Protein chains: 2
Amino acid sequence: MSSAREEILQATTALLEKQGSHATGLNEIIRESGAPKGSLYYYFPEGKDQLVSEAVLAAGQGVAARIRANLADIGLAAFILRIAENVESSGFAAGSPLTAVAMETATTNERINLACREAYGLLVTAFQDYLQTNGVEPGRALEQATFITAAIEGGIILSRTYHTADPLRTVAGQLGLLRFGVF
Amino acid sequence: MSSAREEILQATTALLEKQGSHATGLNEIIRESGAPKGSLYYYFPEGKDQLVSEAVLAAGQGVAARIRANLADIGLAAFILRIAENVESSGFAAGSPLTAVAMETATTNERINLACREAYGLLVTAFQDYLQTNGVEPGRALEQATFITAAIEGGIILSRTYHTADPLRTVAGQLGLLRFGVF
DNA sequence: GTCTATATGCAGATAGAC
DNA sequence: GTCTATCTGCATATAGAC
């Protein structure tokens, strides 16, 4: 696997997370990634749309993998508290690599919008599988997974805006009270 | 009151809602607003940051006013369903004038970030007041209001991304089950 | 695979006429 | 209050050398 390609994707994800798509320039991506400047259009010949779409999808896969790796072990509330810690320790520059891009492009860039759908789908399905494993029937699990995803996304927005992990902790507490999958 | 100034603010809000701050150009704002081109820097001498900050704050005031005007009458679930209809009827171009801007600027533009905090504060307080009126004690009301705000924001993100009001309807249903302020 | 140079366009902002 | 002209800078993208 090309390491330059991976470095470009990772730098792109971090910048999308921090400031969205339109504010992120290709020069900035190259600078942050440390990858060779000439390699950007070599690895991503279709330009920025391709790069952003792939970064969004890779980010969704990464988050879904973390859900699957940790949620069953520690439970939902603790999982969200872990997100809160990550948001905080990033100086509120990270948290949800999808939100800003999804909102910017929902009706203005079809290719990236489709990537966002696919990425969010991975998250929702990961939560849904967890709930079904805990005995929730599929339809109900999808609704609850959608709700959980929405609440976490919203908590990230508020925490990043206010530069405090409190809103995410509140979301963890309130969702924790619901004991999804238990009753 | 100057009508050109108001038209510029309203056009700005709509564009911020649709595509965020960085993707929105001053020329685009003038074109959409129908306001005289020469008046932008006359009414907003500090430039784009001032314009966006004022638009964000005005949007927050507008949303808070709608919460106060309708929530007590129709209840939380119906209120969210009304949001879902608005998002749908805008062709998923509208819904939350704050989210995209808040995420783009959380750590990259202090002035706009402060405007976002103020605006979100207005929403949370409006929900909190509603809950307290229904007998929830203040601390608990703040937590529930934060949770409600987060869940709605997240629902808007998912609905706009998927071009369907379903996620917001799910949020309405799930939050409705909780009967905040009732027990 | 990676480089530099460059094409083209639009961004935000300012000056000064009217 | 509103206009046009213009400054400066950066954006994405491409061409072509190495």
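So that the names make sense, note that chain A is the first sequence line, chain B the second, and so on, each numbered from 1. All of these numbers come straight from a predicted model, not from anything done at the bench.
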In whole angstrom, give the distance that lies between atom OH of B:Y42 and atom P of D:dT2. 8 Å
Which atom of B:S159 lies closest to which atom of B:L168, heavy atoms considered: OG-N, 3.2 Å
Do you know which two heavy atoms are closest between B:E17 and B:A94, and how far apart they sit? OE2-CB, 3.5 Å
For B:E7 and D:dG1, what is the distance between atoms CD and P respectively, to the nearest whole Å? 14 Å
Using the ring of each side chain (for Trp, its six-membered ring), is A:F127 parallel, tilted or perpendicular to A:F79, with breaks at 30° and 60°? perpendicular
Distance-only side-chain donor-acceptor flag, A:E85 / A:S89, under 3.5 Å: no
Summarise protein proximity over nucleotides 11-18 of chain C in one line of letters, 5' to 3': B for base, S for sugar-phosphate only, - for none, counting protein heavy atoms closer than 4.0 Å. SSBB----
Between the protein and nucleotides 6-8 of chain D, list the N/O to N/O atom pairs that are separated by less than 3.5 angstrom.
none

If you apply the rule salt bridge (Lys or Arg N to Asp or Glu O under 4.0 Å), what do you find for A:E54 with A:R5, and how did you get there? CA-CA 11 Å; A:E54 287 199 30; A:R5 196 179 200 280; 3.0 Å; yes
So side-chain hydrogen bond (donor to acceptor under 3.5 Å, both in side chains) across residues 103-113 of chain B, not counting sequence neighbours, yields B:E46-B:R111, B:D49-B:N109, B:N113-B:R117
Would A:E28 and A:Q19 count as having a side-chain donor-acceptor pair, cut-off 3.5 Å? yes
Would you tabulate the nitrogen or oxygen pairs shorter than 3.5 Å linking the protein to nucleotides 3-6 of chain C?
unit_1, atom_1, unit_2, atom_2, d
C:dC3, OP2, A:K37, N, 2.6
C:dC3, OP2, A:G38, N, 2.7

Could you give me the CA-CA distance, side-chain angles and deciding distance for B:L98 and B:V63, then say whether side chain to side chain contact (heavy atoms under 4.5 Å, CB included) is met? CA-CA 10 Å; B:L98 306 180; B:V63 174; over 6 Å; no
Does the pair B:T99 and A:T99 meet the rule for a side chain to side chain contact (heavy atoms under 4.5 Å, CB included), with working shown? CA-CA 8 Å; B:T99 314; A:T99 314; 4.2 Å; yes
Among residues at least two apart in sequence or on other chains, which ones pass side-chain contact (heavy atoms from CB on, under 4.5 Å) with A:Q10? none
What are the residues of residues 97-111 of chain A, sorted by number, that bring a heavy atom to within less than 4.0 Å of DNA chain C? none
For side chain to side chain contact (heavy atoms under 4.5 Å, CB included), just list the numbers for B:E88 and B:R169, CA-CA rounded to whole Å, side-chain angles, deciding distance to a tenth of an Å, and then say yes or no. CA-CA 11 Å; B:E88 194 169 34; B:R169 283 192 275 261; 4.2 Å; yes
Decide yes or no on side chain to side chain donor-acceptor pair (under 3.5 Å) for A:T170 and A:Q174, but give the supporting numbers first. CA-CA 6 Å; A:T170 296; A:Q174 295 286 315; over 6 Å; no
For the pair made of CD1 in A:I30 and P in C:dT2, what is the distance, rounded to whole Å? 10 Å
When the distance from CD1 of A:I29 to P of D:dC10 is rounded to whole Å, what number comes out? 17 Å
Among A:L175, A:V124, A:I152, A:L142, which one satisfies side-chain contact (heavy atoms from CB on, under 4.5 Å) with A:F147? A:L175
